[in-house]
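Worksheet: the structure to be examined is printed underneath.
All values reported here derive from a predicted model rather than from experimental measurement.
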Amino acid sequence: MSLLDTEPKDVAALPAVPATLRTKRRQLLSRLLKSKAATISVIILLIVVVAAIAAPWLSPHDPFANKLIQRLKPPMFSNSSGIYLLGTDSLGRDIFSRIIYGARVSLTVGVSAVAISGVIGVLIGLLSGYFGGKVDDVFMRICDVQLSFPTILLALTIMAVLGSGLDKLILVLGLTGWVPYGRIVRSQVMSIKNDEFVLAARAAGERQWRILFQQILPNIWSPVIVIGSFTIASNIVSEASLSFLGVGVPPSVPSWGTMLADGREYIGVADWLTIPAGVAISLTVLAINILGDWLRDYLDPRLKNIL
């Protein structure tokens, strides 16, 4: 057989995997577009993400610059420096610019804390569910102890001791949020660890860590992803709550929570200090929760033919 005869078959065989990926992407996009609520949520989250990434270019004014001469100006106030779309705060800082920069803090805390708690929780859940016995008893008792304390109260106590700071806030939320991952992953591992593909890997002499991370973990990603989406929203609310109480990020850092705290003293005479930050938190958290609900239904094999 000549080279010319075999070349078209080889070339035709190459796009097989990309074609499968394109098909899955089209299915995902088509199912997403069928849900108006999920589509609107994606648009809102894209706006928040773009605002966080491009904050230096989108902000019309310096969010850190104090200009007491123009403090508490209402929305659409303008002077020689330009237009202040959402007005100014008690120190004369542009609220619109601070809202844009506040998206950075919220997304950074939400995603980073989920990464920390997800890694810890998944690892503990894998070990606890797979090995069982004393390992399971120790980890589950640790879970029970942590669940006996309200998460926000535990985070508040730790932050009060450590002091405010973005890195400390991320670490505290990450270390206090791993329990849901651990318990869900544990139950998933216990339900599949005696399935045929796991038993076959054991019979083939596979090492324990290879069975855990190459056989079991890829089959339990769906609930982990869903938990992560909801936890991002929870972390955003926790960051805003702790910052509102003065133990989150430093007051000088533009944050939706600190903006609410700064505006509460003037809510009767200057409601534009708190409304934009409150709306930003509500829309972002609502969009993440709606998208998390849709993602849960999409990843559920029993509902794939319904969506």
I need the Ile220 CD1 to Leu126 CG distance, nearest 0.5 Å.
5.0 Å
Verify, without hydrogens or angle tests, whether Trp272 (side chain) and Thr88 (backbone) share a donor-acceptor contact under 3.5 angstrom.
yes
Phe149 atom CZ: more than 12 heavy-atom contacts under 6.0 Å
no
Any salt bridge linking Asp297 with Arg31? Criterion: basic side-chain nitrogen under 4.0 Å from a carboxylate oxygen.
no
In terms of hydrophobic clusters joined by side-chain contacts under 4.5 Å, are Val253 and Leu162 together?
yes
Please check: side-chain N/O of Asp271 versus main-chain N/O of Ile267, any donor-acceptor pairing under 3.5 Å?
no
For the CD1 atom of Ile290 and the CD1 atom of Ile40, what is their distance to the nearest 0.5 Å?
8.0 Å
Taking atom CG as the centre, does Leu153 end up with more than 12 heavy-atom neighbours from other residues, nucleotides or ligands that are less than 6.0 angstrom away?
yes
Any idea how Tyr101 and Phe64 line up, ring-wise: parallel (<30°), tilted (30 to 60°), or perpendicular (>60°)?
perpendicular
Euclidean distance, Ile95 CD1 relative to Leu72 CG, rounded to 0.5 Å
8.5 Å
Strictly distance-based, threshold 3.5 Å: is any side-chain N or O of Ser35 a donor or acceptor partner for the main-chain N or O of Leu32?
no
I want to check something: taking the side chain as every heavy atom from C-beta on, are Arg93 and Asp262 in contact at a cut-off of under 4.5 Å?
yes
Do Ile43 and Ile232 share a hydrophobic cluster (ILVMFWY, side-chain heavy atoms under 4.5 Å, transitive)?
no
Any Pro60 side-chain heavy atom under 4.5 Å of Asp94 side chain:
yes
Ion pair Arg296/Asp293, N-O distance below 4.0 Å
yes
Looking at Arg186 and Asp136, is there a salt bridge between them, counting it only when a charged N and a carboxylate O are closer than 4.0 Å?
yes
Is the closest side-chain heavy-atom distance between Val224 and Ile184 below 4.5 Å?
no
Of Gln70, Lys73, Lys67, which is the lone residue that meets side-chain hydrogen bond (donor to acceptor under 3.5 Å, both in side chains) with Asn79?
Gln70
Under the 3.5 angstrom rule, does the side chain of His61 hit a backbone N or O of Arg98 as a donor-acceptor pair?
no
Which value, rounded to the nearest 0.5 Å, describes the distance between Ser282 atom OG and Ile275 atom CD1?
11.5 Å
Are the side chains of Asp89 and Arg71 in touch, meaning some heavy atoms are under 4.5 Å apart?
no
Applying a strict under-4.5 Å side-chain criterion to I, L, V, M, F, W and Y, I'd like to know whether Met140 and Val135 cluster together.
yes
Side-chain donor-acceptor pair present, Glu239, Trp256, cut-off under 3.5 Å:
no
Just wondering, are more than 12 heavy atoms of other shown residues or ligands nearer than 6.0 Å to CZ in Arg183?
no
Of all the heavy-atom pairs spanning Ser112 and Ile170, show the shortest one and how long it is.
CB-CG2, 3.6 Å
State whether the side chain of Ser191 and the backbone N or O of Gln188 hold a donor-acceptor pair below 3.5 Å, judged by distance alone.
yes
When the side chains of residues 204-211 are checked against the rest of the protein, which donor-acceptor pairs come out under 3.5 Å, sequence neighbours left out?
{"residue": "Glu206", "atom": "OE1", "partner": "Arg210", "partner atom": "NE", "Å": "2.9"}
{"residue": "Gln208", "atom": "OE1", "partner": "Tyr130", "partner atom": "OH", "Å": "2.6"}
{"residue": "Arg210", "atom": "NH2", "partner": "Gln214", "partner atom": "OE1", "Å": "3.3"}

Counting neighbours of CG on Leu147 that are heavy atoms of other residues, nucleotides or ligands and sit closer than 6.0 Å, is the number greater than 12?
yes
